[in-house]
Amino acid sequence: MALLLAMLVVALVATLTSSAAWLQWRQIEVETAERARVQSAWLLAGGLDWARHILREDGLTGVVDHLGEPWAVPLQESRLSTFLALDPNNNADPALGAEIFLSGQITDLQSRLNVFNLIEGGQVSLPALRAFEKLYALLGLPSAEVGQLAQQLRLAYEMKDVDKSDTGKHHLPLLPPQRIEQLVWYGVSASSLQALRPFITLLPERATVNLNTASAEVLSASLPDLDLAGAPNA
């Protein structure tokens, strides 16, 4: 009986010890996650403040966007502690700031081809279609995807405008895309999308390409008579 009682006591102590260890581990994990969340909030706030300041100054100094402006200069990787040290009221743990880095870059989306330019007045725009076909050719991508993308977008706009009460049909229409990743639903393969990503965008309204900030590929695709070799000098 004494031996059995001793074994039960040992088992109970081991169980309680394991439970205490698990609770301590859980508390450490929760604290680590909260710490990571705070760090992410600092990074987000810093990035937004930096972008707002740069864009506010850009709006006050000129109306023409080009790569010689301050917004086009990337923010190199910097320790968050560098920014926190400028705040005399900062009470954050210096060790946290030393582990977090902030970097970023502002991109002019008018330096890219707007996918929504493919549709004009409910129909496929031939100039935009040729521009995308040329971009596909420059990147060595299957040109058949361009026509399929344009037709799917046209159908999406048609379905968006259809009054379901008039059709009497119950189906899920393919709506215009909200993100670049969604273009795979419109006939663009994943490999093509990866190659196209630096050169295309989704702007809510028709937009012309900014020749001051566009890449050589976008310039060549936008201007029918311009080849890739001459694009950087345009």
So, using salt bridge (charged side-chain N to carboxylate O under 4.0 Å, His left out) as the criterion, who are the partners of Arg52 when residues are at least two apart?
Asp49
Considering residues at least two apart in sequence or located in another chain, which fulfil the side chain to side chain donor-acceptor pair (under 3.5 Å) criterion with Thr107?
none
Holding to salt bridge (charged side-chain N to carboxylate O under 4.0 Å, His left out), I want the full list of residues that pass it with Glu34, two or more places apart in sequence or in another chain.
Arg37
All salt bridge (charged side-chain N to carboxylate O under 4.0 Å, His left out) counterparts of Glu120, not counting sequence neighbours
Arg206
Residues which pass side chain to side chain donor-acceptor pair (under 3.5 Å) with Glu181, listed by chain and number, not counting sequence neighbours:
Arg197
Residues sharing Trp22's hydrophobic cluster, by side-chain heavy-atom contacts under 4.5 Å among ILVMFWY, directly or via others?
Leu23, Trp25
Set of side chain to side chain donor-acceptor pair (under 3.5 Å) partners for Arg130, sequence neighbours left out:
none
Hydrophobic cluster partners of Ile28 (side-chain heavy atoms under 4.5 Å)
none
Partners passing side chain to side chain contact (heavy atoms under 4.5 Å, CB included) against Pro74 (at least two apart in sequence or in another chain):
Gln76, Gln105
Looking at residues at least two apart in the chain, or sitting in another chain, which of them share a side chain to side chain donor-acceptor pair (under 3.5 Å) with Asp227?
none
Please report the shortest heavy-atom distance between Pro198 and Arg112, naming the atom on each side.
O-NE, 3.4 Å
Side chain to side chain donor-acceptor pair (under 3.5 Å) contacts touching residues 4-21 (sequence neighbours left out)
none
Grouping ILVMFWY residues whenever side-chain heavy atoms fall under 4.5 Å, the cluster of Leu138 otherwise contains Leu228
